[in-house]
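The next block holds one structure in the form of structure tokens; read it before the comments.
First the proteins, then the strands, lettered A, B, ... as listed; each starts at 1. The model shown is predicted, which means the values in this text are computed figures rather than measured ones.
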Protein chains: 2
Amino acid sequence: MRLIVARCEVDYSGRLITHSPMAVRLLMIKTDGTFMVFSDGGGGPNVKPQNWMTAPTTIAVEGDPPSRIEVHKRGGEERLEIAIDEVLFDETHDMGEAAALEKDGVERDLQELLAAAPHRCGEGFRLVRREWPTDIGPVDLMCREPGEGWVAVEIKRVATIEAVEQLSRYLERIRLDPAMSECRGVLAAQQIKPQASVLAAARGIACVEVDLAVLRGEREPDLTLFG
Amino acid sequence: MRLIVARCEVDYSGRLITHSPMAVRLLMIKTDGTFMVFSDGGGGPNVKPQNWMTAPTTIAVEGDPPSRIEVHKRGGEERLEIAIDEVLFDETHDMGEAAALEKDGVERDLQELLAAAPHRCGEGFRLVRREWPTDIGPVDLMCREPGEGWVAVEIKRVATIEAVEQLSRYLERIRLDPAMSECRGVLAAQQIKPQASVLAAARGIACVEVDLAVLRGEREPDLTLFG
DNA sequence: ATATACATCTCGAGA
DNA sequence: TCTCGAGGTGTATAT
């Protein structure tokens, strides 16, 4: 990874056009060809680079010290140009391979926990299968409720209006099967946005907020922090 | 901005839990309190940091050279811990204020151009207003066509199936008004995905691909690169 | 290569 | 502060 601190102008043209005037910035060139431009201070975005290009790229560094850097995609449909006025720092560090990042608590984990405890999605629910296939993609959980009715469950960490649309599309397809024409929909999430609740209600879709700690048995369902 | 290259372990707990084993990484501490952890090489994500915390944060750097860094949000609901085995580089650079980034060609620009030339969305269209309000959000353009019919126009840079869903929701609401029960829908975009075209056709929504250069008068509508 | 959905999405505007 | 929608979204997975 090469790190350059330089006073420079930046021009990007591709999916849109941007220009940034002369200022001191950090230029980061990763070994895989990813290129990023960072500014400091509160003016710009916090965590996002001001400009960037994802690998694979072709990077041409002109001059030593660098006076100009051109980055472009193979097809040439995107171009990032750095005009350098002064290089304040330029060093390359070998960091070896990227070490694996283990994650716990993403939507996948929520789905596993709810598959093991489908009754958290609704009274008496029994799991038929996870990732129930439809012709436009898999439904997270397919369950049966008391009385043998079918229920499709869509799981989200945070459920927005888009989650309701997604489940609606699935239900539309599922109900084409006469045996499942009465299939209900349930939206299960750690957090459900107000507009999602409203749209879900209008579509006859039930909403269930679930708690990760409860699902893991770390906390009783009826206890609260204020109990 | 402080840049540290160090062999370290990283643990995050907050919206989820992550752990990364000992490896050499770049730690970036921005003046505003934003903290980022980058790996090099193709293993991890290209442009995203492996871990991060957006400002405002409290950052505690223990030891000199640093042996441990703790970053947390004010409420304490998120925590990022860096256990450092060896510091390979540690330097702070003053980069002044972040210089403004000017963007051109985003959806906003497209909307302005189409508002000034509504006939690009359809023969004889006249603009009634931009950001026409509905109870679930504003429609980009509301127009009238020859014969006084109403047309709601949704504008996207790239129109996907979601854009069709969004316009459908708006039309559903707009048509509740008896005076607008016949309101048509038009989806205008620089690029329309094939599946979006198909769904739009099924919903009776017209699609128009628009060209930024043509809208700006930089190129004639009937000329092409292959003409 | 394209489509589909997730993301600690981030970020900015508006209420 | 919260909510909502756009993003050069990026990223992974399945087709």
Kindly give the atom pairs (protein nitrogen or oxygen, nucleotide nitrogen or oxygen) under 3.5 Å for nucleotides 12-14 of chain C.
none

Does the Lys NZ or Arg CZ of A:Arg144 fall within the cation-pi geometry relative to A:Trp150 - under 6.0 Å from the ring centre and within 45° of the axis?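 So A:Arg144 does make the cation-pi contact.
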Do NZ/NE/NH1/NH2 and the carboxylate oxygens of A:Glu162 and A:Arg169 come within less than 4.0 Å?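 Looking at A:Glu162 and A:Arg169, the cut-off is not met.
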Gap in Å between the two C1' atoms, one belonging to C:dT10 and one to C:dC6, rounded: 14 Å
On a whole-Å scale, what distance lies between the P atoms belonging to D:dG8 and C:dT4? 23 Å
Any side-chain N or O of A:Arg15 under 4.0 Å from OP1/OP2 of D:dG10?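 The answer is yes; a side-chain N or O of A:Arg15 sits under 4.0 Å from OP1 or OP2.
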Can you find a side chain N or O atom of A:Lys156 that sits less than 4.0 Å from OP1 or OP2 on C:dC6?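 Indeed, a polar side-chain atom of A:Lys156 lies that close.
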Side chains of A:Thr134 and A:Arg173: any donor to acceptor distance under 3.5 Å?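 There is no such pair (donor and acceptor under 3.5 Å, judged by atom type) between the side chains of A:Arg173 and A:Thr134.
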Can you tell me how far the CZ atom of A:Arg216 sits from the CG atom of A:Asp211, to the nearest 0.5 Å?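 The CG atom of A:Asp211 is 10.0 Å from CZ of A:Arg216, to the nearest 0.5 Å.
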Sugar-phosphate, base or nothing in reach of A:Met53, heavy atoms under 4.0 Å: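 The answer is base, as A:Met53 lies within the cut-off (heavy atoms under 4.0 Å) of a base atom.
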For B:Asn46, report the nucleic acid contact type (base, sugar-phosphate, nothing); a contact means any heavy atom under 4.0 Å.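 Sugar-phosphate: the residue B:Asn46, judged by heavy atoms under 4.0 Å, touches backbone atoms but no base.
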Between atom [atom1] in [X] and atom [atom2] in [N], what is the gap in whole Å?
| X | N | atom1 | atom2 | value |
| --- | --- | --- | --- | --- |
| B:Phe38 | D:dG10 | CZ | P | 14 Å |
| B:Glu154 | D:dC4 | CD | C1' | 14 Å |
| A:Glu162 | D:dG5 | CD | C1' | 9 Å |
| A:Glu165 | C:dA5 | CD | P | 12 Å |

Give the dot-bracket string for DNA chain C, reading 5' to 3', where a pair is Watson-Crick or G-U wobble with both distances under 3.5 Å, ( ) marks pairs inside the strand, [ ] marks pairs crossing earlier ones, | marks a partner on another strand, and . marks unpaired. |||||||.|||||||
Tell me if a side-chain donor or acceptor on A:Thr57 pairs with a main-chain N or O of A:Gly33 at a distance below 3.5 Å. yes
Residue whose closest nucleotide on DNA chain D lies nearer the 5' end, A:Thr18 versus A:Thr54: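 With A:Thr18 and A:Thr54 compared, the 5'-side residue is A:Thr18.
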Can you list, in residue-number order, the parts of residues 99-107 of chain B that come under 4.0 Å of DNA chain C, counting heavy atoms only? none
Listed partners of B:Asp177 passing side-chain hydrogen bond (donor to acceptor under 3.5 Å, both in side chains), at least two apart: none
Where the side chain of B:Val47 is concerned, which of D:dT11, D:dG8, C:dC11 is the nearest nucleotide? D:dT11
Under 3.5 Å, N/O pairs linking protein and nucleotides 2-4 of chain C:
from, atom 1, to, atom 2, distance (Å)
C:dT4, OP1, B:Gln195, OE1, 2.5
C:dT4, OP1, B:Gln195, NE2, 2.8
C:dT4, OP2, B:Gln195, OE1, 2.5

What pairs meet the ring-ring contact (aromatic ring centres under 6.0 Å, His included) rule with one or both residues in residues 20-45 of chain A, with sequence neighbours excluded?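 Every ring-ring contact (aromatic ring centres under 6.0 Å, His included) pair that includes a residue of residues 20-45 of chain A, provided the two are not neighbours, is A:Phe38-B:Phe38.
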